[in-house]
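What follows is a set of notes on a single structure, which appears directly below.
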Amino acid sequence: MSADANDQCMSVAQQWIRPEIRELSAYHVPDASGLIKLDAMENPYSWPEQLVDQWLESLRGAAINRYPDPDARQLVDDLRDVYAIPQQAGILLGNGSDELIQLITMAVSGSMSSGSMSSGSISESNATRTIVTLEPGFSMYRMIATFTGMDYVGVPLRNDFTLDLESLLAAIETHQPAVVFIAYPNNPTGNLFDLEDVRQVIEVSPGMVVVDEAYFAFAGTTVMPLLDQYENLLVLRTLSKMGLAGLRLGFLAASSECIEEFNKIRLPYNINILTQISASFALQHHDIFEQQTACLRKDRESLLSALSTHASLTVYPSQANFILFRTAQGQAEQIFDHLLEQGVLIKNLHKSGGALLDCLRVTVGTAEENDAFLQALNSALIDVVETR
Ligand SMILES: *Cc1c(COP(=O)(O)O)cnc(C)c1O
């Protein structure tokens, strides 16, 4: 076949979409209608009716015909107050923290000019810039690194998913990454790394260290106060997991110099007016979220101990609103399917392979949902054993 004929057989997508993008698989979200949804780390609780009325009232004045405040100043001020973000730090808002991961990555991707090289640790003058993170980790880091054309290095956690600090420091030394991403607590493992280890990573990193605190509400620890000490520290948060996943709001706190640069590539008006008003309203009623997340933390402990009674499961410690567990070899798919048949949707991580073989992840729901899950799990475990 001639090159021309070959071209004619190719679809527009095949011909023009970059191969590394065609090779990606889209982030898959399963249909959860009619199911008990314990797959996505959502807060299961809604607001008291009276609060819902007040919220809807606050939206009445929204000038929906106008573009929103491009800098969302009111919301930024509210976030600064509620989350004790140091005064000198800059704040950037994203349509979910996913958007901020993308912004950071886009700002650093591309080749390094030889002028910007640090003392010869990478010899080629046009080396592609690198992202270093931990694995298993949040899948979006790899996806975004891939589609922004960056090199990606995933440093394995130890078998028990604790941090292998030596390997991480060695990878940073070798690859001189533009960005290190650390989810703190980690997703999908749920554990919190040692703060002193994270501090060492920040100290030895030549580039930026993004500490992704998506599960801050469930861990209670934060590196936010360290912003004053480290110019290369970026703290990423989201309102999604604490109870506002539908709003899509994330924020990044970092040196105002970095924030100003990121801000140049942010698309204007990325935070719509309904999100601006609703998030500010929610932050004024932050005590509700504190009650709800406290309840989820307590129920997480009950769920952890209930899961631990099953001898065939390995249950990993969690400082987040989900629990990772490993089934006996080769049983994860079957258990996942049995749960689904009983109307309970959790996350099947077995498919990711590697260190996550035989692993499932359940989000902490309401007490009733957790009970339904535990009951379904009981019968799944019995069925799986019986069909062997
Ligand atoms: C869920 C999650 C995010 C993304 O949250 P958004 O909903 O996009 O704000 C980011 N990082 C980690 C580690 C997460 O688990």
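Both ligands and their constituent atoms are indexed starting at 1 by order of listing. These numbers were taken from a predicted model, which means no experiment stands behind them.
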Looking at [X] and [Y], does any basic side-chain N land under 4.0 Å from a carboxylate oxygen?
| X | Y | result |
| --- | --- | --- |
| Asp71 | Arg266 | yes |
| Lys37 | Asp39 | yes |
| Lys298 | Glu301 | no |
| Glu135 | Arg142 | yes |

Can you run down the ring pair (Phe, Tyr, Trp, His ring centres under 6.0 Å) pairs that involve residues 73-104, sequence neighbours left out, and say none if there aren't any?
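Matches after skipping sequence neighbours: Tyr83-Phe251, Tyr83-His286.
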Under 3.5 Å, is there a donor-acceptor pair between the side chain of Glu333 and the main chain of Gly330?
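Here the side-chain-to-backbone pair does not exist.
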Non-hydrogen atoms closer than 4.0 Å to ligand 1: which protein residues do they belong to? List them by chain and number, please.
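Contacts of ligand 1 under 4.0 Å: Gly96, Ser97, Asp98, Phe138, Ala183, Asn187, Asp212, Ala214, Tyr215, Thr238, Ser240, Lys241, Arg248.
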